[in-house]
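All residue numbers refer to positions in the sequence shown, counting from 1. In listed order, ligands and their atoms are each counted from 1.
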Amino acid sequence: MNFRTIGIVGAGTMGRGIAQVCIQRGFDVALNDVDAKALEKAAAAIEKQLARAVEKGRISAEDQAAAMSRLRLAPSLEDLAEVDLCIEAATENPDLKLDLFRALEGVCSKEAIIASNTSSISLTRIAGVCTLPERVIGMHFFNPVPVMELVELIRALQTSDATFDAVSAFSERLGKSVVSVKDSPGFVVNRMLVPLINEAVFVLAEGLAEAEEIDKAMRLGANHPIGPLALADLVGLDVCLYVLDVLYREFSDSKYRACPLLRKMVDAGRLGRKSGRGFFEYA
Ligand code: 3HC
């Protein structure tokens with residue numbers, strides 16, 4: 001199946017990153033969000049990223065203009081009626097996602113594939129509320145989307161081979177590498193990465209070292225590009241806590257117990273980069 005137009009639901013960090021990569025790779029994008037202001041903000045952020053790429057000599061001004069011309073803001077779900085592939089990147093809330101999938105099935109054509117960028121919700125559960133569950137798949141991108149090479153492709157129990165093959169070929173056309181994963185809490189990356197972040201928060205809470213020192217240790221001692229606390233700030237502390245709570249609940253295993261400090265930080269609204277303060281402060 002050859003996709004031309006991609007619908008993206010959710011104009012937050014992930015949705016706008018996915019939109020940027022799609023328009024840069026020649027796909028038409030309809031970007032949807034319930035919040036019109038979020039849509040305007042996303043378009044401005046994408047334009048800024050592309051302008052930076054022009055400044056660095058990575059793309060030409062013509063490429064930038066052509067990419068921006070492929071981006072259409074779609075304030076209503078009905079604006080996604082014509083898309084070949086719809087990627088849902090809305091807030092990580094199961095009820096909201098299930099409702100969205102029910103609504104998307106009513107809007108998109110029967111031939112369209114519907115993917116979710118969920119980081120932790122069961123794809124089998126999402127596909128279970130759909131009348132055509134074989135066209136549902138997980139497409140898990142990583143933050144920042146334009147930089148990170150991986151896409152985890154998660155098959156629901158119901159996902160057809162045709163859906164998987166089409167989305168796999170599409171991911172490669174985006175310049176991404178694919179890892180095929182069975183549906184299981186946290187998939188592969190978050191199953192390992194988020195407990196690592198949690199352990200770093202325990203190390204901080206126990207006073208073993210300051211935040212800067214913990215991150216320095218992992219950068220210089222394990223060659224991680226950034227330390228686990230800075231990574232938590234990048235991902236969002238609320239997202240980390242949410243993934244941990246899903247792992248804890250779904251596996252009923254205390255090894256996934258969230259550090260109380262992480263929960264306190266979230267309660268205090270210190271969510272990381274997006275709120276200006278997490279384990280570190282941001283201008
Ligand atoms: N959008 C586009 N490009 C970006 C970017 C963004 N948001 N942030 C950084 N970049 C680009 C920069 O422009 C720069 O490009 P250049 O080399 O062409 O100039 C390049 O990335 C390097 O950036 P910096 O020099 O500013 O900073 P770093 O050297 O620290 O690199 C990083 C930034 C690539 C993000 C690096 O810190 C890194 O790899 N961090 C780890 C990221 C990671 O692990 N992400 C996965 C999170 S888990 C997840 O997303 C799953 C979810 O479900 C929780």
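Summarising the local packing, CD of Glu250 is surrounded by more than 12 heavy atoms from other residues, nucleotides or ligands at distances under 6.0 Å.
Nearest protein neighbour of atom 34 (C) of ligand 1, counting heavy atoms only, is Val147 CG1, 3.6 Å. For atom 36 (C) of ligand 1, the closest heavy atom belonging to the protein is Pro225 CB, 4.2 Å. Closest to atom 51 (C) of ligand 1 among all protein heavy atoms lies Phe142 CD2, 3.5 Å. When hydrogens are left out, the protein atom nearest atom 2 (C) of ligand 1 is Gln49 OE1, 3.2 Å; that is the closest non-hydrogen contact. In this structure, atom 7 (N) of ligand 1 lies nearest to the protein heavy atom Pro144 CB, 3.3 Å.
Within ligand 1, the atoms closer than 4.0 Å to a non-hydrogen atom of Val235 are 47 (C), 48 (S), 54 (C), numbered from 1 in the order shown. Near Ser119, the atoms of ligand 1 lying under 4.0 angstrom from a non-hydrogen atom of the residue are 53 (O).
Checked options Ile6, Val29, Ile23; the residue passing with Arg70 is Ile23 (criterion: side-chain contact (heavy atoms from CB on, under 4.5 Å)).
Of all the heavy atoms of Ile226, the ones lying under 4.0 Å from any atom of ligand 1 belong exclusively to the side chain. When heavy-atom distances to ligand 1 are checked against a 4.0 Å cut-off, Val194 has no atom that comes that close, whether in backbone or side chain. Residue contacts with ligand 1 for Leu231 involve side-chain atoms from C-beta outward but no N, CA, C or O (heavy atoms, distance under 4.0 Å).
A donor-acceptor distance shorter than 3.5 angstrom exists from the side chain of Ser116 to the backbone of Thr118, with no hydrogens or angles considered. Here the side chain of Asn143 pairs no donor or acceptor atom with the backbone of Val235 at under 3.5 angstrom. Here the side chain of Asn198 pairs a donor or acceptor atom with the backbone of Cys259 at under 3.5 angstrom. When atom types are taken as modelled, the side chain of Asp84 and the backbone of Thr5 share a donor-acceptor pair closer than 3.5 angstrom.
Ranked by closest heavy atom to atom 48 (S) of ligand 1, the top entry among Ile197, Asn143, Leu193 is Leu193. Closest heavy-atom approach to atom 18 (O) of ligand 1 among the candidates Glu152, Lys56, Arg58, His140: Arg58.
Proximity of Gln49 to Arg52: side-chain heavy atoms (C-beta onward) are separated by under 4.5 Å at one or more points.
For atom 26 (O) of ligand 1, no protein non-hydrogen atom is found at a distance below 4.0 Å. Distance check for atom 11 (C) of ligand 1: a protein heavy atom is found below 4.0 Å. For atom 21 (O) of ligand 1, a protein non-hydrogen atom is found at a distance below 4.0 Å. There is no protein heavy atom closer than 4.0 angstrom to atom 29 (O) of ligand 1. Under the 4.0 Å distance rule, the nearest protein heavy atom to atom 44 (O) of ligand 1 falls inside the cut-off.
Both Tyr242 and Ile197 belong to a single network of hydrophobic side chains, linked directly or stepwise wherever heavy atoms of I, L, V, M, F, W or Y lie under 4.5 Å apart.
Side-chain polar atoms of Asp63 and Ser60 form a donor-acceptor pair below 3.5 angstrom.
Residue Arg72 holds its CZ atom at 7.5 Å from CG of Leu80, rounded to the nearest 0.5 Å. Remark: Phe101 CZ to Cys108 SG distance equals 9.5 Å, nearest 0.5 Å.
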